[in-house]
Engineer: 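Take a look at this one; I'll ask things after.
Numbered from 1 within each chain, the chains take letters A, B, ... in sequence-line order.
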2 protein chains.
Amino acid sequence: MKFPKIPMAAINRLSIYIRALEELEEQGTKVISSERLAKQCGVNPAQIRKDLAYFGEFGVRGVGYRIEDLIREIKEILGLDRTWNIAMIGVGNLGSALIRHGNFIKHGYVFAAAFDIDPHKIGKRLPNGLVIHHIDDLEKVVKECDIHIGVIATPASAAQSVANQLIIAGVNGILNFAPAQIQVPECCHVENVDFTIKLDSIAYHLSTSGT
Amino acid sequence: MKFPKIPMAAINRLSIYIRALEELEEQGTKVISSERLAKQCGVNPAQIRKDLAYFGEFGVRGVGYRIEDLIREIKEILGLDRTWNIAMIGVGNLGSALIRHGNFIKHGYVFAAAFDIDPHKIGKRLPNGLVIHHIDDLEKVVKECDIHIGVIATPASAAQSVANQLIIAGVNGILNFAPAQIQVPECCHVENVDFTIKLDSIAYHLSTSGT
DNA sequence: CCCTCTATGTGATTTAATTCACTTTAATAA
DNA sequence: TTATTAAAGTGAATTAAATCACATAGAGGG
Ligand SMILES: NC(=O)c1ccc[n+]([C@@H]2O[C@H](COP(=O)([O-])OP(=O)(O)OC[C@H]3O[C@@H](n4cnc5c(N)ncnc54)[C@H](O)[C@@H]3O)[C@@H](O)[C@H]2O)c1
Ligand SMILES: NC(=O)c1ccc[n+]([C@@H]2O[C@H](COP(=O)([O-])OP(=O)(O)OC[C@H]3O[C@@H](n4cnc5c(N)ncnc54)[C@H](O)[C@@H]3O)[C@@H](O)[C@H]2O)c1
């Protein structure tokens, strides 16, 4: 196990591999080759081996990868051998849909607190038991609930200010759904989710491929 | 204007530029240099010029880019100088949140039809006036409503079958929210949105950066 | 115990994307 | 009209990522 800098794309692919491996495990498969896994994930087999090689040797030559072990190893690499507490900021349309969604908990992500600025929403209890706090209580509640990650689902105009508050509260991971470019210090990692960019990409392809 | 193959990343950045340019235009700015725009978008100035150079010359040397013109040009490049009709497949938690969201129409994306398989939902009318059709009527309704893009918001287990039906119906652009790897023919362009991959990436960074 | 077979792990190679650094051109002021 | 200047446009250089191709090592059979 050497220590070169690891492409971000490789990290993202590890998530994809896990998803495929978990599906295979459910079907009762015990062992898989990089070739078959690659096919399922739509990537090159050497890519999978390289991606894994950044972190160690997890396969058996001549045989392949033991699925159960590989899932465990990848989860450890990604830091998924634990749970992560998430705060939802902005319990509107999207925020409440996300909280209601059951898939996150399966991957170890727990919605542990929710915040809004709308007086009508503060104090309300969500289906999953969470009470909506006022955004000004962010720092206090983040401490109490040991929040690790903040999800921004406010209007774009509030995104930067919310990000600032999260960082002051000591939250260093942000998932941002608002269509805004937020500025954060080095220590904080931001991932943006912007559906319209994806739609734009589809529009481009449809336009150019003559449809 | 030459014709090299254009990096997909460049296309995605064009969307980012548009977003920034529209914000600047609202603030009354008329002209901007690649340097200032780059700063706002968090990229390298040469990157912006290269990205644009794939498609032509849109700036004025020594001056910069006229914002109004550049927005129009980029929209034309991406195929956003028109509207696109979208079908929502799966009107659950996420699907209905997306339909309710007003931001898509602003960018020229119109939800023109909705489908589900749940008998309780078929025939219901959504807040925006759409009636939910049965998934088996997909092909017929796609023709009637001139649907260009399909959004898959069904459970993962149904994603591939829905994709197949979309393709048979002649829909060549798919935005897939289900955490499933769907297989499509060459002619069809798929974009996946998977929030848990983004969360995994945040988890990785938090784990490695010692938080 | 050795031989064969198969799929991993990896250095070398290729391909792609980004950034640099210089050239060109339009605007403006003298 | 001409000099000055600022920023676009672009070929060259660099950096990064993906792929190839083969040496290597474990499994299993004879
Ligand atoms: N709903 C979607 O399908 C969708 C799709 C793509 C992007 N988005 C983006 O996600 C964000 C949320 O969308 P939405 O549809 O849920 O909007 P929404 O208006 O339904 O909800 C926003 C919520 O944020 C709260 N809020 C506003 N300022 C706040 C602050 N400073 N602190 C805490 N809470 C605050 C509001 O009170 C409201 O409850 C928007 O930026 C939107 O562009 C949404
Ligand atoms: N809700 C979220 O925040 C969220 C987040 C990430 C990913 N996702 C993914 O998005 C998808 C939808 O999530 P959701 O929370 O809206 O689920 P949901 O169960 O609320 O809605 C799914 C809908 O799809 C319909 N459906 C099922 N099979 C169908 C078929 N063959 N044709 C047409 N409709 C069909 C169901 O009747 C239901 O109305 C899931 O794949 C989920 O993993 C959702």
Engineer: With respect to the phosphate group of C:dT18, does any side-chain polar atom (N or O) of B:R13 fall under 4.0 Å of OP1 or OP2?
Structural biologist: yes

Engineer: Using the rule given for side-chain contact (heavy atoms from CB on, under 4.5 Å), can you reason through B:H107 versus B:E22, listing the C-alpha separation, both sets of side-chain angles and the distance that settles it, and then say yes or no?
Structural biologist: CA-CA 11 Å; B:H107 289 85; B:E22 283 177 340; 4.2 Å; yes

Engineer: Return the value, rounded to whole Å, for the distance between atom CG of B:D69 and atom C1' of D:dA8.
Structural biologist: 15 Å

Engineer: How many whole angstroms separate atom CD of B:E57 from atom C1' of D:dT10?
Structural biologist: 10 Å

Engineer: Of all the heavy-atom pairs spanning B:A169 and B:V142, show the shortest one and how long it is.
Structural biologist: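 Heavy atoms of B:A169 and B:V142 come nearest at O-CG1, 3.6 Å.
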
Engineer: Which residue lies toward the 5' end of DNA chain D, A:R49 or B:G59, if each is placed at its nearest nucleotide?
Structural biologist: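 Result of the comparison: B:G59.
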
Engineer: Rounded to whole Å, please give me the gap between CG in A:N12 and P in D:dA17.
Structural biologist: 12 Å

Engineer: Using whole Å, report how far CD1 of B:I48 lies from P of C:dT19.
Structural biologist: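 Whole-Å distance recorded here is 11 Å.
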
Engineer: From the set D:dC20, C:dA27, C:dT8, return the single nucleotide nearest to any side-chain atom of A:A46.
Structural biologist: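 So the nucleotide nearest the side chain must be D:dC20.
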
Engineer: Less than 4.0 angstrom between a side-chain N/O of A:S34 and OP1 or OP2 of C:dT8, yes or no?
Structural biologist: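 Answer yes for this pair, as a side-chain N or O of A:S34 is under 4.0 Å from OP1 or OP2.
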
Engineer: Kindly point out which of C:dG9, C:dT18, D:dT19 is positioned nearest to the side chain of A:N44?
Structural biologist: D:dT19

Engineer: If I take atom CG in residue A:D51 and atom P in nucleotide C:dT8, what distance separates them, rounded to the nearest angstrom?
Structural biologist: 14 Å

Engineer: Quick check on DNA chain D: between A:M8 and B:I32, whose nearest nucleotide comes earlier from the 5' end?
Structural biologist: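 This one resolves to B:I32.
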
Engineer: Between A:R66 and A:E73, is there a side-chain N and carboxylate O pair less than 4.0 Å apart?
Structural biologist: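 Answer for the salt bridge query: no.
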
Engineer: Check the angle between the aromatic planes of B:F111 and B:F104 and answer parallel, tilted or perpendicular using the 30° and 60° thresholds.
Structural biologist: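 Correct class here is perpendicular.
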
Engineer: Using a heavy-atom cut-off of 4.0 Å across all strands, would you classify B:R36 as base, sugar-phosphate, or nothing?
Structural biologist: nothing

Engineer: Using whole Å, what does the distance between atom C1' of nucleotide C:dG9 and atom CD of A:E35 come to?
Structural biologist: 15 Å

Engineer: Classify the side chain of A:K50 versus the base of D:dT19 as yes if they form a donor-acceptor pair under 3.5 Å and no if they do not.
Structural biologist: yes

Engineer: Counting side-chain heavy atoms from C-beta on, which of D:dT19, C:dG9, D:dA27 comes nearest to A:R61?
Structural biologist: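 Looking only at side-chain atoms, A:R61 lies closest to C:dG9.
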
Engineer: Nearest-Å distance, CD (B:Q47) to C1' (C:dA16)?
Structural biologist: 12 Å

Engineer: When you measure from the side-chain N and O atoms of B:Y65 to the phosphate of D:dG9, is any distance below 4.0 Å, counting only OP1 and OP2?
Structural biologist: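 Affirmative; the distance criterion is met.
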
Engineer: C:dC20, D:dA27, D:dT10: which one has an atom nearest the side-chain heavy atoms of B:A53?
Structural biologist: D:dT10

Engineer: Under 3.5 Å, is there a donor-acceptor pair linking the side chains of A:S207 and B:R82?
Structural biologist: no

Engineer: Rounded to whole Å, please give me the gap between CG in B:L52 and C1' in D:dA8.
Structural biologist: 10 Å

Engineer: Is the distance from OP1 or OP2 of D:dA16 to the nearest side-chain N or O of A:K5 less than 4.0 Å?
Structural biologist: yes

